[in-house]
Amino acid sequence: MQNQIYKGGRDQEIIELFIQTFSDSEGKKEGLLIGELVRNLLDRTPPQDLRVFLSTEEEEVIGGVFFSRMRFENSATATWLLSPAAVQTRFQGMGVGQNLIRFAHDCLREAGAEMAVTYGDINFYSKVGYQPVTIDIVPSPQPLSYPEGWIAQSLRREKLLPISGRSFCVEAINDPVYW
Ligand SMILES: CC(C)(COP(=O)(O)OP(=O)(O)OC[C@H]1O[C@@H](n2cnc3c(N)ncnc32)[C@H](O)[C@@H]1OP(=O)(O)O)[C@@H](O)C(=O)NCCC(=O)NCCS
């Protein structure tokens with residue numbers, strides 16, 4: 001298993017990984033919805049606002065994680081939103097996801113990132129450092145239908161200080177259906 005920063009040329013394989021993985025875990029409709037999100041992230045996001053990390057096994061993509069830039073009205077904290085993440089169903093539960101996300105955090109940190117945020121299951125994401133936050137600490141770009149899933153971490157081992165005002169995510173994920 002190898003982790004790498006995605007440099008292009010495998011969009012379709014990545015989209016299919018997300019469709020298949022989410023269809024297996026949450027049904028076909030969710031699989032297609034997440035596949036559309038991934039396609040839009042790849043097609044519509046300015047390169048400076050998107051980082052994609054892949055886990056490969058013998059040249060096959062077995063895992064992927066997307067980070068897109070978040071911005072704040074009142075803060076310059078360099079922040080990346082993790083969403084979505086997937087590990088091929090048959091490779092799940094073997095440490096691939098945690099390993100890939102740690103690799104991604106290291107790469108982002110080296111490039112100056114200060115905070116990572118995501119919206120998901122704390123039972124998994126707490127294993128890679130995420131802690132619940134309220135929107136008074138990190139404002140969400142859209143209203144949250146599941147506030148318990150709003151989680152974040154400093155990539156600088158510092159306490160998160162409250163950020164006031166509005167926040168903004170990239171266009172592809174700025175749709176209430178994902179929040
Ligand atoms: C969530 C996911 C990315 C994790 O990757 P993975 O390689 O399977 O995870 P790892 O093997 O590194 O870690 C497994 C640990 O996380 C937990 N875990 C795995 N998937 C989980 C999930 N969907 N929800 C909660 N906990 C989960 C397991 O209990 C396991 O804990 P343990 O090590 O104490 O037994 C992967 O299972 C997946 O693609 N799931 C379907 C799609 C999804 O839910 N994506 C995340 C939302 S964006």
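Numbering of ligands and ligand atoms starts at 1, following listing order.
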*Set of residues satisfying salt bridge (charged side-chain N to carboxylate O under 4.0 Å, His left out) with respect to D106, sequence neighbours excluded*: R109

_Any N/O pair F22/ligand 1 closer than 3.5 Å_ = no

_Under a plain distance cut-off of 3.5 Å, with no hydrogens placed, do N74 and S164 share a side-chain donor-acceptor pair?_
yes

*Of the protein's non-hydrogen atoms, which lies at the shortest distance from atom 28 (C) of ligand 1, and what is that distance?*
K127 CE, 4.4 Å

*With no hydrogens and no angle check, do the side chains of Q2 and E57 hold a donor and an acceptor under 3.5 Å apart?*
no

_S75 and T77: side chain donor to acceptor below 3.5 Å_ = yes

*Should F91 be counted as touching ligand 1, given the test is an N or O pair under 3.5 Å?*
no

*Close N or O approach (P84, ligand 1; < 3.5 Å)*: no

*Hey, is ligand 1 close enough to D121 that some N/O pair sits below 3.5 Å?*
yes

*asked:* Angle between ring planes, Y125 versus Y130, binned at 30° and 60°: parallel, tilted or perpendicular?
replied: perpendicular

*Give the numbers and elements of all ligand 1 atoms closer than 4.0 Å to a heavy atom of Y125.*
46 (C), 47 (C), 48 (S)

*Does the N or O separation between A86 and ligand 1 drop below 3.5 Å for any pair?*
no

_Ring centers of F18, F66 separated by less than 6.0 Å_ = yes

_Between F53 and H105, is the ring centroid distance below 6.0 Å?_
no

*For S25 and ligand 1, does the shortest N/O to N/O distance drop below 3.5 Å?*
no

*Check whether any protein heavy atom sits under 4.0 Å from atom 35 (O) of ligand 1.*
no

